[in-house]
Colleague: 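One structure, pasted below without further comment.
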Amino acid sequence: MISKQNDSYSFRIVKRDIKKTVLLSVILSAGIGHSSAYGVDYRDALKLYAHSQIINDSQYQCFYKLITKESNWRVDAKNGSHYGIGQMRNIKYKNLDGFTQVDWSKRYIKGRYGSMCNAWHFYLKKGYH
């Protein structure tokens, strides 16, 4: 596909691919020459990706706490009918890769609570989100 200069769809695809490529490069280079005890695992890649998407550090910290509490960043986490890092009930969510689960979780939280910290404060009050 030949992209036009103002083709925002093409830009989003390239931008997303670049972010994933950069994150993967950082993770792979960090693991070279280290034992697995000091290596970087998939959850670290998800945390880096989430932070690259949530620029405001205080909002990222709220998202980090929420996801850590819900699933400890495990893509395969399951609690009854809830799946993945964000513990969503959507069956499609269960089969998504971790990066896409981060995207879906961010979109859900922002849509329902307005911000990551609003969701975290709700979680602290109610014990769920």
Side-chain angles (χ1 to χ4, degrees):
M1 171 171 151
I2 299 173
S3 62
K4 298 175 187 170
Q5 193 171 21
N6 293 329
D7 188 355
S8 62
Y9 178 74
S10 295
F11 178 73
R12 281 195 305 260
I13 292 172
V14 170
K15 183 178 173 185
R16 186 176 201 165
D17 290 342
I18 289 171
K19 284 181 180 178
K20 286 183 181 178
T21 302
V22 168
L23 285 172
L24 186 58
S25 299
V26 168
I27 290 164
L28 290 175
S29 65
I32 295 173
H34 296 285
S35 71
S36 61
Y38 298 105
V40 179
D41 72 6
Y42 190 67
R43 292 180 289 187
D44 295 324
L46 296 178
K47 293 170 193 173
L48 284 170
Y49 178 71
H51 208 323
S52 76
Q53 300 294 305
I54 306 169
I55 304 301
N56 182 302
D57 191 55
S58 62
Q59 291 297 318
Y60 170 74
Q61 292 303 322
C62 291
F63 183 76
Y64 173 85
K65 291 174 192 173
L66 190 60
I67 298 302
T68 299
K69 199 74 166 161
E70 288 285 340
S71 65
N72 200 24
W73 294 86
R74 286 183 29 247
V75 175
D76 62 344
K78 185 175 187 294
N79 183 8
S81 62
H82 295 77
Y83 308 99
I85 66 167
Q87 292 294 287
M88 292 190 181
R89 285 195 299 214
N90 186 328
I91 195 72
K92 290 180 185 178
Y93 184 82
K94 174 184 178 180
N95 298 318
L96 297 174
D97 67 82
F99 296 104
T100 309
Q101 284 187 15
V102 167
D103 292 337
W104 279 39
S105 297
K106 282 186 352 226
R107 188 171 50 241
Y108 169 79
I109 290 168
K110 185 138 177 140
R112 179 162 180 161
Y113 300 100
S115 76
M116 307 303 151
C117 289
N118 288 348
W120 174 243
H121 295 300
F122 182 90
Y123 182 87
L124 291 175
K125 264 193 221 174
K126 305 281 186 175
Y128 66 92
H129 78 95

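Reckoned from all heavy atoms, side chains included, excluding hydrogens, waters and symmetry mates. Residue numbers run from 1 in the order of the sequence given.
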Colleague: Quick one: does Leu46's side chain get under 4.5 Å of Val75's, heavy atoms only?
Modeller: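 When only atoms from C-beta onward are counted, Val75 and Leu46 do touch, with a gap below 4.5 Å.
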Colleague: So do Arg43 and Asn72 actually touch side chain to side chain, heavy atoms under 4.5 Å?
Modeller: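 When only atoms from C-beta onward are counted, Arg43 and Asn72 do touch, with a gap below 4.5 Å.
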Colleague: For a 4.5 angstrom cut-off between non-hydrogen side-chain atoms, does Met116 reach Leu66?
Modeller: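 SC-SC contact between Met116 and Leu66 ruled out.
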Colleague: Quick check: closest heavy atoms across Ile55 and Ser52, and the distance to 0.1 Å?
Modeller: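 Shortest heavy-atom separation between Ile55 and Ser52 comes out as CD1-O, 3.4 Å.
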Colleague: So, using ring pair (Phe, Tyr, Trp, His ring centres under 6.0 Å) as the criterion, who are the partners of Tyr108 when residues are at least two apart?
Modeller: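 Ring pair (Phe, Tyr, Trp, His ring centres under 6.0 Å) list for Tyr108, sorted by chain: empty.
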Colleague: Enumerate the salt bridge (Lys or Arg N to Asp or Glu O under 4.0 Å) contacts for residues 61-75, please, sequence neighbours excluded, ordered by first and then second residue.
Modeller: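 Residue pairs passing salt bridge (Lys or Arg N to Asp or Glu O under 4.0 Å), neighbours aside: Arg74-Asp76.
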Colleague: Return yes when atom NZ of Lys106 has more than 12 non-hydrogen atoms of other residues, nucleotides or ligands closer than 6.0 Å, and no otherwise.
Modeller: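 Yes, enclosed.
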Colleague: For the residue pair Tyr60 and Phe63, categorise the inter-ring angle as parallel (less than 30°), tilted (30 to 60°) or perpendicular (more than 60°).
Modeller: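 Answer is tilted, since the angle falls between 30° and 60°.
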Colleague: Looking only at heavy atoms, what is the nearest atom pair of Ser105 and Gly86, with distance?
Modeller: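 The pair with the smallest heavy-atom distance is OG-CA, 3.6 Å.
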Colleague: Could you tell me which non-hydrogen atom of Cys62 sits nearest to which non-hydrogen atom of Trp120, and how far apart they are?
Modeller: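 Result for this residue pair: CB-CB, 3.9 Å.
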Colleague: I'd like to check Asn95 versus Tyr83 (side-chain heavy atoms, cut-off strictly below 4.5 Å). Are they in contact?
Modeller: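 The answer is no; the side chains never approach within 4.5 Å.
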Colleague: Please work out which of the three classes, parallel, tilted or perpendicular, describes the rings of Tyr93 and Trp104, given edges at 30° and 60°.
Modeller: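 Correct class here is tilted.
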Colleague: Distance check, rounded to the nearest 0.5 Å: Trp73 atom CH2 versus Tyr42 atom OH?
Modeller: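 Output value for this atom pair is 11.5 Å.
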Colleague: When rounded to the nearest 0.5 angstrom, what distance separates CG in Asn56 from NE2 in His51?
Modeller: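 One gets 9.0 Å once the value is rounded to the nearest 0.5 Å.
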Colleague: State whether the side chain of Asp97 and the backbone N or O of Thr100 hold a donor-acceptor pair below 3.5 Å, judged by distance alone.
Modeller: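 Checked: pair present.
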